[in-house]
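A short worksheet on the structure shown next.
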Amino acid sequence: MPVSAADLEKAIRDTLPVTHLQVVDESSGCGDNYSVLIVSEAFEGKTTLARHRMVNDLLRVQISQIHAFTQKTLTPKQYDAQK
Amino acid sequence: MFRTAFRPSLTSLARTAPTAALQSTSAAVLRRLLSTETRSQIQKAVESSPLVLFMKGTPSLPECGFSRAVVQVLDLHGVPAEKMKTFNVLVDSELRSGIKEFSEWPTIPQLYVNSEFVGGCDIVLGMHQSGELEDLLVKNNIIEAELEPAVQAASA
């Protein structure tokens with residue numbers, strides 16, 4: 001069963017307090033390739049590797065069903081600084 | 001320089017699943033616990049070179065955009081062939097599923113430096129952009145520090 005952007009979004013929101021979340025389907029609709037941007041205070045004080053592990057962990061089931069998954073994990077401070 | 005990179009066939013790892021044609025069994029393989037033997041084989045692979053990249057395809061013929069991106073970044077930094085080894089997970093389905101469990105990381109490529117897991121494509125590209133990758137490679141004696149004149153001398 002294909003994984004939808006809404007599935008990913010729900011799984012992320014259920015686990016992490018996010019201030020900004022963007023899930024982009026880059027597969028042209030087949031649900032195989034997603035890119036997500038997560039902005040959460042839960043990432044504060046964590047290395048990128050630790051942040052990605054958190055996300056990989058909470059999306060374990062979904063990631064195993066899709067071909068490609070790209071993530072960007074920022075704290076609210078980092079996100080504001082980028083703007 | 002990547003063309004000459006050592007590309008071991010990992011025949012010992014391929015014992016139970018010698019060809020990519022057997023990938024239909026990977027769902028079952030994924031759920032299986034990593035055997036002690038596979039784990040120690042992967043550990044050996046991880047330790048086989050200062051820099052080890054598990055990827056899809058080979059440096060001269062990457063078979064996935066994410067693997068290609070990491071290879072290009074390493075090339076950009078001038079990682080010498082004798083300090084790196086790549087393993088093509090597409091020719092070895094046991095390695096392909098095993099490395100995910102070993103690293104507790106769900107995707108390929110995966111980069112190791114001196115047996116330490118660095119990350120996948122997103123992390124490597126991010127570290128490249130921030131300059132952390134160069135620092136890491138220099139610190140681990142994989143490349144030499146750029147001999148640019150120190151603009152900001154440590155005089156303060």
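Every value quoted in this text rests on a predicted model; they were computed, and no experiment measured them. Just so it is clear: chains get the letters A, B, ... in the order the sequence lines come, proteins before strands, and each one is counted from 1.
For the pair A/Phe69 and B/Asp122, the tightest heavy-atom approach, listed with the atom from each and the gap, is O-OD2, 4.0 Å. Between B/Lys56 and A/His67, the closest heavy-atom pair is NZ-CE1, 3.6 Å.
Neither the backbone nor the side chain of A/Arg51 comes within contact range of chain B; no heavy atoms are under 4.5 Å apart. Using a 4.5 Å cut-off between heavy atoms, A/Leu49 contacts chain B through both its backbone and its side chain. Proximity to chain A (any heavy atom under 4.5 Å) is shown, for B/Ser130, by neither the backbone nor the side chain. Residue B/Glu132: no heavy atom, backbone or side chain, is found under 4.5 Å from chain A.
Residues B/Leu74 and B/Val52 share a hydrophobic cluster, clusters being chains of Ile/Leu/Val/Met/Phe/Trp/Tyr side chains in contact below 4.5 Å. B/Val46 is connected to B/Val71 through a chain of hydrophobic side-chain contacts under 4.5 Å among Ile, Leu, Val, Met, Phe, Trp and Tyr, so both are in one cluster. No single ILVMFWY cluster, assembled from side-chain heavy atoms under 4.5 Å apart, contains both A/Val36 and A/Val39. A chain of hydrophobic side-chain contacts below 4.5 Å, direct or via other Ile, Leu, Val, Met, Phe, Trp or Tyr residues, connects B/Leu51 to B/Leu133. Grouping the Ile, Leu, Val, Met, Phe, Trp and Tyr side chains by contacts below 4.5 angstrom, directly or via other members, places A/Leu37 apart from A/Val24.
Among the candidates B/Gly65, B/Pro106, B/Gly126, B/Gly119, the residue making the largest number of heavy-atom pairs closer than 4.5 Å to chain A is B/Pro106.
Considering CG of A/Asn33 and CZ of B/Phe66, their distance stands at 5.5 Å, rounded to 0.5 Å. The line from NZ of A/Lys72 to CD1 of B/Ile123 is 13.0 Å long, rounded to the nearest 0.5 Å. For the atom pair CE (B/Met127) and OG1 (A/Thr48), the distance works out to 8.0 Å, reported to the nearest 0.5 Å.
The local environment of CD in B/Gln43 is crowded, with over 12 non-hydrogen atoms from other residues, nucleotides or ligands closer than 6.0 Å.
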